[in-house]
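Heads up, the thing below is written out as structure tokens.
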Amino acid sequence: MKEPTYHIYLDSHERTLLLHSLVELKNVLLRQGRYTDCVDELICKTAGAPAKKMKIEYV
């Protein structure tokens, strides 16, 4: 069975905050001597994700 794909939409501030948090998590894992493969993958996906223009309508 195929795993579901999730999309998250972030503005520039949220994206920066997410990247800083992931790098901090990676540093903690490195200090503990644990593997960082999953965090590295998330950092690459987040940093390389294309920006999508969205129109927000307020009701």
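Hydrophobic clustering (ILVMFWY, side-chain heavy atoms < 4.5 Å, transitive): Ile43 and Ile8 are in one cluster. Note: the hydrophobic cluster containing Val28 does not contain Leu18 (ILVMFWY, side chain heavy atoms under 4.5 Å, direct or indirect links). Leu42 and Tyr35 are assigned to two separate hydrophobic clusters, defined by single-linkage of ILVMFWY side chains at heavy-atom distances under 4.5 Å.
Of the candidates Leu30, Val39, Thr36, Leu25 forms a side-chain contact (heavy atoms from CB on, under 4.5 Å) with just one, namely Val39.
Put simply, the side chain of Gln32 never gets that close to the backbone of Leu29: no donor and acceptor are under 3.5 Å apart.
Here Lys26 contributes atom NZ and Asp40 contributes atom CG; the two are 4.0 Å apart, rounded to the nearest 0.5 Å.
The two residues Tyr9 and Glu14 come nearest to each other via the heavy atoms O-OE1, 4.2 Å.
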